[in-house]
Amino acid sequence: MAKAAEPPSGTRDFLADDVRRRKAAFDTVSGVFEHYGFDPLETPAFERLEVFAGKLGDEASALIFKILKRGVHEATGEADLALRYDHTVPLARVVGTYGSRLPSPYKRYAIGPVWRADRPAKGRFREFTQCDIDTVGSASPLADAEVLWAIHDGLKALGVENFRVLVNSRKALHGLLEAYGIAEERGTAVLGTLDKLDKLDPGAVVDELADRGLDARTAEELVGDVTAADTDRVRKQLDTTERGREGLAEIDRLLDLTSGLPEGRIVYTPRMVRGLDYYTGPIFEVVAEGYPGSIASGGRYDGLVAKLGGPDLPACGGSIGLERILAIQAPGAEASGGLDVALTVLGAEDAIMRMAAGLRSQGLRTGVYLGTSGKLGKQLKWANDQRARVVLIHGPEEQAEGVVTMRDMSSGDQFLVPVAEVAATVREHLGR
């Protein structure tokens, strides 16, 4: 294939089956979020550059797709717009703009494409869909628990099985650093190293912590505590600091509020860090058998909305990794497409078009042969390629008798049906 015929690097074309499959997944998740009382929100594909500027951190800011000024300003090479980087910054702008018109707390979900000027790689795209839910304006632990329940039900509805929700607290993590006497300025680097425990063996993490300035014994004890088979060791350490006790209370409250979920579904995981430093309270990640990395994540981020330009409101939220899930799952039957009815054209074209219109009015996905061949064999091949369940043949003999030959494409059985009864018969045959 010529390079010019390929989609831009880091983007994808989705043909019919993939489009239907993705839409089915989006609709499934949207339905779950709607049942939890979250409202949909759609924002423009691009924002003013100033909305993002200085609010994402240096690393993320380098991945913003900028749009150059147009018209007489084009020659300046300056940008004034940017493609949407995520759904969180637009949420903060919307809360700041429409605050008085929004319910309080404001519960919204957003499913749509975002863009990153990243280096494309396997599984890493420049354009992909994010699926977010957030609650802005509530400091209640009920809000955190509700996000977890909604994420859980969304994953179940998508057909994900054998998954676990790993929970922790940023307060607990910082309390643990205090318990070990690790200075605040070194804390971010230490937590970043602990975050590698799902990729590196404990010994390698201990070595890296030592390289970061921790004495070997402290590094070994810290890693030993957060990787222990039970959480008793960590709990004892957290109980020695105020922040540790606060964080542990957050975790236990969240576990209580989600105790109605299947046993073992939600687990306190002391080694789970979450790399983003804007989280302020409970955090979570979801892992599942057969899926690489995490398939959902989130947490509480009080103060972020104000940092992003909105009012100073508490907030929490989560995101389902739809792209990661769809990349692993086999296409489902609901996304297979195909026609309910295919109509061959062997004369009487005006009658065929009226018949097709009647079938469509009954909610049946109906296609009419648009090729030039008058041979029934070629038209049946077309119907088979369209994965039609039923084919209607209205050739000269059928026309003379006022009937239609209805063929079941799965069994090959054929029936003669009066023209006036075609729609009702097809619906009955398809169980509609």
Side-chain angles (χ1 to χ4, degrees), residues 12-32 34-35 111 129 156-161 322 325-432:
R12 295 161 291 174
D13 294 318
F14 296 109
L15 301 185
D17 282 352
D18 280 331
V19 172
R20 293 192 184 100
R21 178 172 168 246
R22 291 168 67 83
K23 184 179 183 301
F26 300 160
D27 290 347
T28 294
V29 176
S30 296
V32 171
E34 290 276 357
H35 283 138
I111 302 176
T129 296
K156 289 286 290 182
L158 288 170
V160 180
E161 301 289 345
L322 277 176
I325 293 170
L326 290 171
I328 297 297
Q329 286 183 343
E334 77 283 354
S336 62
L339 295 175
D340 293 318
V341 191
L343 277 70
T344 59
V345 179
L346 301 169
E349 295 177 354
D350 54 344
I352 293 295
M353 295 304 286
R354 287 195 299 272
M355 197 180 301
L359 290 163
R360 289 173 183 137
S361 71
Q362 295 296 307
L364 299 171
R365 189 161 187 260
T366 304
V368 175
Y369 178 71
L370 303 177
T372 57
S373 176
K375 296 181 178 180
L376 179 60
K378 287 194 173 181
Q379 296 195 28
L380 289 176
K381 181 181 183 304
W382 159 79
N384 189 60
D385 291 343
Q386 296 295 307
R387 289 173 288 181
R389 298 176 63 187
V390 168
V391 172
L392 300 182
I393 303 168
H394 193 51
E397 293 183 7
E398 288 92 353
Q399 294 163 27
E401 297 180 20
V403 297
V404 169
T405 297
M406 184 177 85
R407 175 180 290 191
D408 185 302
M409 292 297 282
S410 177
S411 66
D413 295 339
Q414 295 191 166
F415 318 88
L416 288 177
V417 180
V419 170
E421 300 175 14
V422 165
T425 303
V426 170
R427 279 182 57 114
E428 182 179 0
H429 184 77
L430 296 180
R432 299 291 183 84

Can you tell if the side chain of [X] reaches within under 4.5 Å of the side chain of [Y], non-hydrogen atoms only?
| X | Y | value |
| --- | --- | --- |
| Q414 | R407 | yes |
| R432 | Q362 | no |
| V426 | L392 | yes |
| T425 | F415 | no |
| R365 | R360 | no |

message = Other residues, nucleotides and ligands only: do more than 12 of their heavy atoms fall within 6.0 Å of CD on E397?
response =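 Open.
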Reference residue H394; test side-chain contact (heavy atoms from CB on, under 4.5 Å); the match among V422, L343, V419, L346 =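 Single pass found, and it is V419.
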Working to the nearest 0.5 Å, report the span between [atom1] of [X] and [atom2] of [Y].
| X | Y | atom1 | atom2 | answer |
| --- | --- | --- | --- | --- |
| R427 | L364 | CZ | CG | 6.5 Å |
| E349 | M355 | CD | CE | 12.5 Å |
| K378 | Y369 | NZ | OH | 7.5 Å |
| E421 | E428 | CD | CD | 10.0 Å |
| I352 | I393 | CD1 | CD1 | 10.5 Å |

So which heavy atom on [X] is nearest to which on [Y], and how close?
| X | Y | value |
| --- | --- | --- |
| L359 | A423 | CD2-CA, 3.8 Å |
| G363 | D340 | O-OD2, 4.4 Å |
| S30 | I111 | OG-CD1, 3.4 Å |
| H429 | D408 | NE2-OD2, 2.7 Å |
| W382 | G367 | CH2-O, 3.7 Å |
| L322 | A25 | CD2-CB, 4.5 Å |

key: Electrostatic pair K23:D27 at N-O distance under 4.0 angstrom   =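 So K23 pairs with D27 through a salt bridge.
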request  = Using only heavy-atom distances, determine whether the side chains of T405 and E398 contain a donor-acceptor pair under 3.5 Å.
outcome  =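 There is such a pair (donor and acceptor under 3.5 Å, judged by atom type) between the side chains of T405 and E398.
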request  = Before giving the answer on side-chain contact (heavy atoms from CB on, under 4.5 Å), spell out for R387 and D17 the whole-Å C-alpha distance, their side-chain angles and the decisive distance to 0.1 Å.
outcome  = CA-CA 12 Å; R387 289 173 288 181; D17 282 352; 2.9 Å; yes
request  = Tell me, with the steps shown, if D18 and R12 meet side-chain contact (heavy atoms from CB on, under 4.5 Å).
outcome  = CA-CA 11 Å; D18 280 331; R12 295 161 291 174; over 6 Å; no
